[in-house]
2 protein chains.
Amino acid sequence: MTSQRPLRVDAQRNRSALLNAGAQLVAIYGAELPFEEVARAAGVGKGTLYRHFATRDHLIAAVLRERFDGLAAEANELLDSGNAHAVETWLRSFDRVPTPFRGLGAMLSAALVDDASAVSAACIPMKVAFSRLLGRAQRDGTVRTNLHPVELLSVVAALPESVRNDDGSSRYLDVLLRGLRP
Amino acid sequence: MTSQRPLRVDAQRNRSALLNAGAQLVAIYGAELPFEEVARAAGVGKGTLYRHFATRDHLIAAVLRERFDGLAAEANELLDSGNAHAVETWLRSFDRVPTPFRGLGAMLSAALVDDASAVSAACIPMKVAFSRLLGRAQRDGTVRTNLHPVELLSVVAALPESVRNDDGSSRYLDVLLRGLRP
DNA sequence: ACCTGAACACCGTTCAAGT
DNA sequence: ACCTGAACACCGTTCAAGT
């Protein structure tokens, strides 16, 4: 656990600027964003960028964190609601996470199953929440039992960008969901 | 159509050396192989590399060409044989194409649906052969009709490397195949 | 016709100096 | 404690000179 001492005011401001610039550049370039450019766009020196985000992946993790937390919350709500199609419903939301970002699906797919990745830590609450959701569906007999929750997320995240509808949903998620039944 | 004038003997030899070095480096680094290194490993100048292969993708296309042609042949045999599980059988073979190469699945997945990519041209015979195979299965009613053959290949190629068995087959291909039924 | 390698450009990363 | 930007390293790409 890092001790989370409050940042100095200027450091705080720089961090926000970097995150803003990062979000914009990730939206344009995806996982391969030109890192140096983030510092330029934020109007700070390169050293400052590296001080706040050790690697590209750390920046991407910070950019995506909100979405992941939102999805974790959604999974927990679905768990409480007892919705019979909770897994399907949630995977349709999850499927759209990487869509505003080029090439992010592949990156997320790999990060999900790699505990050493910087993005990995940001995914933990989401993984835990979805695991519960899937576990319940498996016990209820509506989903195959030989599926690992995190691996399944990795597969969904890898669905190619090329086969997506205008709203960002994959045209092949239905095929996959159909295949989840026992 | 390029006129295919035979290469000079030294050019021929260099091309082979580059292809060999390329295959080895692709096996190690996948789609992101250090391009310059190919020239070094082949013992030729950088200029020679660029003369033979305009881009990384052109080199990868040449490396993969044999496999694609082999898969096209297999699809044609399956078509002739009238095998009832031809689509499944063939997709299991296709699924393993990118497995010796790190990160190649994502690259292939994108190339399949991008006619401008260098790899695309090398895939044409395979695409044509699989389209026939899928078309027959769809007419026979064993596979959903709302699937486009090339998109389906793009989805299979994108199945993540992390969820593969030791023999290179995806643990989630079964889920997908199950979902193909009408 | 083809090959070579110097030269250029671009980008990522580090770190000494500064506030 | 944090910031800056010069300096270094690495790699991709081009092209003038050579066979």
Side-chain angles (χ1 to χ4, degrees), chain A residues 2-63 102-104 107 116-119, chain B residues 2-63 102-104 107 116-119:
Chain A
T2 46
S3 56
Q4 287 294 34
R5 209 141 68 69
L7 290 170
R8 228 166 59 179
V9 194
D10 54 343
Q12 183 78 53
R13 193 171 37 232
N14 284 339
R15 202 190 133 87
S16 304
L18 285 166
L19 261 177
N20 272 329
Q24 283 181 25
L25 288 168
V26 169
I28 301 171
Y29 298 100
E32 307 280 275
L33 80 165
F35 202 42
E36 210 190 352
E37 182 76 22
V38 177
R40 255 196 299 276
V44 305
K46 302 167 168 211
T48 307
L49 169 59
Y50 281 90
R51 161 170 279 264
H52 286 281
F53 303 102
T55 69
R56 234 193 230 89
D57 283 7
H58 283 89
L59 176 62
I60 294 175
V63 167
R102 274 192 7 196
L104 219 61
M107 190 267 205
S117 90
V119 171
Chain B
T2 46
S3 54
Q4 286 296 36
R5 211 141 66 70
L7 290 171
R8 227 167 60 178
V9 195
D10 55 341
Q12 182 79 51
R13 193 171 36 230
N14 283 339
R15 203 189 132 87
S16 304
L18 286 165
L19 262 177
N20 273 328
Q24 283 182 24
L25 287 167
V26 170
I28 300 171
Y29 298 100
E32 306 279 277
L33 80 166
F35 203 43
E36 213 191 351
E37 183 75 22
V38 177
R40 257 197 297 275
V44 304
K46 303 168 167 209
T48 306
L49 168 60
Y50 280 90
R51 161 171 279 263
H52 286 281
F53 302 102
T55 69
R56 234 192 231 87
D57 283 7
H58 283 89
L59 176 62
I60 294 175
V63 167
R102 276 192 6 198
L104 218 60
M107 190 268 204
S117 89
V119 172

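Naming convention: chains lettered A, B, ... in sequence-line order (proteins, then strands); numbering from 1 in each chain.
The two residues B/Ala31 and B/Gly103 come nearest to each other via the heavy atoms CB-O, 3.9 Å. Listed here is the closest heavy atom pair of A/Ala39 and A/Gly45: CB-O, 3.9 Å. A pairwise comparison of heavy atoms in A/Phe53 and A/Phe35 identifies O-CZ, 3.7 Å as the closest pair.
Spacing between atom OH of B/Tyr50 and atom P of C/dG5 amounts to 16 Å, rounded to whole angstrom units. Whole-Å rounding puts the B/Leu25 CG to D/dG12 P distance at 11 Å. Following rounding to the nearest Å, B/Arg15 (CZ) and C/dA1 (P) show an atom-to-atom distance of 18 Å. Computed from coordinates, the B/His58 NE2 to D/dT13 P distance equals 12 Å when rounded to whole Å. The distance from atom CZ of A/Arg51 to atom P of C/dA16 is 15 Å, rounded to the nearest whole Å. Atom CD of A/Glu37 is separated from atom P of C/dT13 by 15 Å (rounded to the nearest Å). As a whole-Å value, the separation of B/Phe53 CZ from D/dT13 P is 15 Å. Rounded to whole Å, the distance from OH on A/Tyr29 to C1' on C/dC10 is 13 Å.
Comparing B/Ala54 and A/Gly43 by the nucleotide of DNA chain D that holds the closest heavy atom to each, the one mapping nearer the 5' end is A/Gly43. Taking the nucleotide of DNA chain C with the nearest heavy atom to each of A/Thr48 and A/Arg40, the more 5' of the two is matched to A/Arg40.
If you check every strand for non-hydrogen atoms under 4.0 Å, B/Phe35 touches sugar and phosphate atoms only. Here A/Arg56 lies in heavy-atom contact (under 4.0 Å) with sugar-phosphate atoms only.
Taking 4.0 angstrom as the limit, B/Asn14 places none of its side-chain polar atoms (N or O) nearer than this to OP1 or OP2 of C/dC2. In this structure, B/His52 reaches the C/dC3 phosphate: one of its side-chain N or O atoms is under 4.0 Å from OP1 or OP2.
In this structure, the separation between OH on B/Tyr29 and CG on B/Leu104 is 15.5 Å, given to the nearest 0.5 Å. Between the CD atom of B/Gln24 and the CG atom of B/Leu33 there is a distance of 12.0 Å, given to the nearest 0.5 Å. Note: A/Gln12 CD to A/His52 NE2 = 9.0 Å, rounded to the nearest 0.5 Å.
Contact of the A/Glu32 side chain with the B/Glu32 side chain is registered, since non-hydrogen atoms from C-beta on lie closer than 4.5 Å.
When both pairing distances are held under 3.5 Å, C/dA17 makes no Watson-Crick or G-U pair with any nucleotide shown. The base-pairing partner of C/dC11, taking Watson-Crick or G-U wobble contacts with both distances under 3.5 Å, does not exist among the strands shown.
The nucleotide whose nearest atom lies closest to any side-chain atom of A/Lys46 is, among D/dC2, C/dC3, C/dG12, C/dG12. Of the candidates C/dC11, C/dC3, D/dC11, the closest approach to any side-chain atom of A/Glu36 belongs to C/dC11.
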Identify each atom pair where a protein N or O and an N or O of nucleotides 17-19 of chain C are less than 3.5 Å apart, giving names and distance.
none

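Put simply, the residue from A/Asn20, A/Val44, A/Leu25 that forms a side-chain contact (heavy atoms from CB on, under 4.5 Å) with A/Val38 is A/Leu25.
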